[in-house]
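Each remark here refers to the structure printed beneath this line.
Here the structure is a predicted model, which means the values were calculated and not measured. Each ligand, and each atom within it, is numbered from 1 in the order the structure gives.
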Amino acid sequence: MPVPHYAQPGDAGADLATTSDAVLAPGQREVLGTGIAIALPVGYAAFVHPRSGLAARAGLSIVNSPGTIDAGYRGEIKVCLINHDPVEPIVLNRGDRIAQLIVQRVEQVRFVEVETLEHSVRGTAGYGSTGGWQAGRDA
Ligand SMILES: O=c1ccn([C@H]2C[C@H](O)[C@@H](COP(=O)(O)OP(=O)(O)OP(=O)(O)O)O2)c(=O)[nH]1
Ligand SMILES: [Mg+2]
């Protein structure tokens, strides 16, 4: 397989292609190989993201989006695809670009158990607390 490459200068994602043919029925998921293995420096991770064109046109996405590639992983990067289209199957051929890989710096922190957490404005409010999640209500 060709080395992943950025389609345009400045792109965040480098495209990954499938090594095998596949037909995904509506709702079906399948893990496909990319033929690519990498060795990231410690302090970096790579994330396997869907491609938006295929998502919009065919309903193709990634089950565990984004997939996480740990710095120490030396195996083949695999992509767990899913066909979200309710009707049409998705036909993939070896060499089709199915995902994009984004390499990012990541922090490892030291987790410490405490009795209380320092105050913040948001506090414990989450899951739509600022509104806008129910059309016509408080958007
Ligand atoms: O889309 C993905 C996600 C993960 N991986 C590989 C690289 C990653 O470093 C490893 C483990 O991934 P993750 O930690 O997400 O899976 P897990 O179920 O927690 O497996 P493990 O117990 O091996 O950590 O699997 C892929 O090839 N593709
Ligand atoms: Mg893991």
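- For Asp15, the salt bridge (charged side-chain N to carboxylate O under 4.0 Å, His left out) partners two or more places apart in sequence, or in a different chain, are Arg51, Arg97.
- Protein residues with a heavy atom closer than 4.0 Å to ligand 1 are Asn64, Gly67, Thr68, Ile69, Asp70, Tyr73, Glu76, Ile77, Lys78, listed by chain and number.
- At least one donor-acceptor pair closer than 3.5 Å links the side chain of Asp85 to the backbone N or O of Glu88.
- One hydrophobic cluster holds both Ile36 and Val103 under the rule that ILVMFWY side chains link at heavy-atom gaps under 4.5 Å.
- Although no hydrogens or angles enter the test, the distance criterion places a donor-acceptor pair under 3.5 Å between the side chain of Thr19 and the main chain of Gly33.
- Of the possible donor and acceptor atoms, none in the side chain of Glu76 sits under 3.5 Å from a partner among the backbone N and O of Ala37.
- When side chains are defined from C-beta on, Leu60 counts as touching Leu24, because their heavy atoms get closer than 4.5 Å.
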